[in-house]
Amino acid sequence: MTESLHHVHIFARDIDATIAWWRDMLGGELVYDGVLAGSRNVFMRIGSGGLHLYDQPPRDEGRGAVHHIGIRSDDLRALVARMKEQGVTFRSEIREFGTWRYIMCAAPDDVLLELFEFDPTHEPAHATRWLREG
């Protein structure tokens with residue numbers, strides 16, 4: 001038996017604007033848009049991961065137990081530059097720790113994102129396996 005993370009589920013106050021943001025900022029691909037359980041549900045592919053958007057506003061303004069969504073990039077500087085050109089604001093500049101770098105920003109409905117990049121060729125295999133396979 002094999003288990004794997006299938007998707008992150010996010011409530012969306014404005015689902016069309018949320019779809020556009022994930023598509024335009026991070027290359028999201030729409031794979032399903034339909035009604036399930038009486039509400040519009042959208043599934044998007046973001047690289048090898050999945051995002052499930054639910055057409056309902058967040059139930060509270062907090063994130064509950066979810067701190068952030070991590071999104072790996074192979075060119076973080078270019079991604080951040082493109083996002084800044086489109087008006088995205090970041091909490092800080094890119095933070096670097098040897099072969100690892102990251103930056104945080106908010107997606108629609110204040111979903112916190114960690115955009116990161118790392119060079120696995122300079123790290124022990126056991127330390128980065130989950131990053132390569134995720």
Notebook entry, point to check: Do other residues, nucleotides or ligands put more than 12 heavy atoms under 6.0 Å from the CG atom of D75?
Noted result: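 Above 12, so yes.
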Exercise. Indicate the ring-plane relationship of H52 and Y54, choosing parallel, tilted or perpendicular according to the 30° and 60° boundaries.
Key: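 Geometry flag for Y54 against H52: perpendicular rings.
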**Report entry** Plane angle bin for W100 and F116 - parallel if under 30°, tilted between 30 and 60°, otherwise perpendicular
**Finding:**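 Parallel.
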I'd like to check [X] versus [Y] (side-chain heavy atoms, cut-off strictly below 4.5 Å). Are they in contact?
| X | Y | result |
| --- | --- | --- |
| Y102 | F118 | no |
| L51 | H7 | no |
| S73 | L115 | no |

Flag yes if M44 and L26 sit in one hydrophobic cluster, no otherwise; membership is Ile, Leu, Val, Met, Phe, Trp, Tyr, and two members link when side-chain heavy atoms are under 4.5 Å apart.
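Same hydrophobic cluster.
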Exercise for the section: Tell me whether W22 is reachable from F43 by hopping between hydrophobic residues (I, L, V, M, F, W, Y) whose side-chain heavy atoms are closer than 4.5 Å. Expected result: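 The answer is no; the residues belong to distinct hydrophobic clusters.
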Any side-chain to backbone donor/acceptor pair from N41 onto V35? Under 3.5 Å, distance only.
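Such a contact is absent between N41 side chain and V35 backbone.
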Side chain E114, main chain M104, donor-acceptor under 3.5 Å: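 No, the answer is negative, given that no donor and acceptor are paired below the 3.5 Å cut-off.
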- Query: How far apart are the closest heavy atoms of T18 and A12, and which atoms are they?
  - Reply: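 For T18 and A12, the tightest heavy-atom pair comes out as OG1-CB, 3.8 Å.
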For V42, the option from D16, I15, I10 that meets side chain to side chain contact (heavy atoms under 4.5 Å, CB included):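 With V42 as partner, side chain to side chain contact (heavy atoms under 4.5 Å, CB included) holds for just one option, I15.
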Margin query: Suppose the criterion is salt bridge (charged side-chain N to carboxylate O under 4.0 Å, His left out): which pairs have a residue in residues 78-88, not counting sequence neighbours?
Written below: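 As it turns out, the salt bridge (charged side-chain N to carboxylate O under 4.0 Å, His left out) pairs with a partner in residues 78-88, which skip direct neighbours, are K84-E93.
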### Task
Identify, with sequence neighbours excluded, every residue that meets salt bridge (Lys or Arg N to Asp or Glu O under 4.0 Å) alongside D33.
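Result, salt bridge (Lys or Arg N to Asp or Glu O under 4.0 Å) vs D33: R40.
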Practice prompt. Salt-bridge test for E96 and R77: reply yes if a basic N is under 4.0 Å from a carboxylate O, no otherwise.
Written response: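 A salt bridge is present here (some side-chain N lies under 4.0 Å from a carboxylate O).
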